[in-house]
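All values below were derived from every heavy atom in this structure, side-chain atoms included, with hydrogens, water molecules and symmetry-related copies excluded. In listed order, ligands and their atoms are each counted from 1.
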Amino acid sequence: MRILFAHDLRPTKGESMISAEPFTISPDQYDAVILDLDGVITRTAAVHARAWKEMFDEYLESREESYEPLDIRSDYRKYIDGKPRYDGVQSFLESRGISLPYGSPEDSPDTETVCGLGNRKNELFREIIHRDGVEVFEDTVVFLHTARDNHMKTGVISSSKNCREILETADLLQLFDTRIDGVVSKERGIPGKPEPDVFLEAARELDTTPSRAIVFEDAIAGVQAGKDGEFGLVIGVAREGGEDRLLNNGADLTIRKFDELKISEKE
Ligand SMILES: [Mg+2]
């Protein structure tokens, strides 16, 4: 597949792309695209959110004091989205003034520790993807094929330890030259978002520099990481709107769908 493009417009940074002309990416300027998984490539963000809500609401209800249930629009985005699992647990609990022992990653899903609650969330998440499958954003898949056809390298990053399993389930594993996920990060001691290190590691594996790579992210912690890593371009993916939260935290521009982007031919 090869797409030819008439436009090479460069909108001012800090703008969203809604109803603008397509933004053109030049493979002469950028060697690689590095994409977040959840919410950018697959719709697992919604499944994660559902699993988090179910886990925390059950847990909050089991406590003696009464607490506000988790609100996906506010709490999930603010405290949990994009962070490594146990950091997400801790951050949300803090927001409710609850302090639990950290425990250990081996804790069973019914242990009342940060790790135990995180493991319960993971158990719920895996139950849901195995039952319902993984939903893929086709516009992203088309974009990835076009990038590869135009000699750009592709990387996927994720805080999720289920990243490989999710990509396999969706038959997308072969579309990526590198994968820095929760498993790889743990093995190599790479800190999670909002630190930029997962993106930096992906760029290194793709044999390029941050300034010649483009980051795609749908989470606040992710665009912050892209900005702090000084990537050439940080594109916020705001499929359901809410562009401001990404633009205000480090995105250079935002898109709702990948077909708002074009890739020019390599010279
Ligand atoms: Mg995401």
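- The closest side-chain donor-acceptor pair between Asn119 and Tyr86 falls under 3.5 angstrom.
- Aromatic rings from Tyr67 and Phe56 are positioned such that their centres are separated by 6.0 Å or more.
- The only option from Leu206, Leu37, Ile41, Ile157 that meets the side-chain contact (heavy atoms from CB on, under 4.5 Å) definition with Phe176 turns out to be Ile41.
- For the side-chain contact (heavy atoms from CB on, under 4.5 Å) with Phe92, the lone residue among Leu117, Asp87, Leu60 that qualifies is Leu60.
- Each protein N/O/S atom under 2.8 Å from the Mg ion (ligand 1) was counted, for a total of 3.
- Side chain to side chain, Arg148 and Thr154 meet the donor-acceptor criterion of an N or O pair below 3.5 Å.
- Using a cut-off of 4.0 Å between Lys/Arg side-chain N and Asp/Glu carboxylate O, Glu260 and Arg256 are scored as not salt-bridged.
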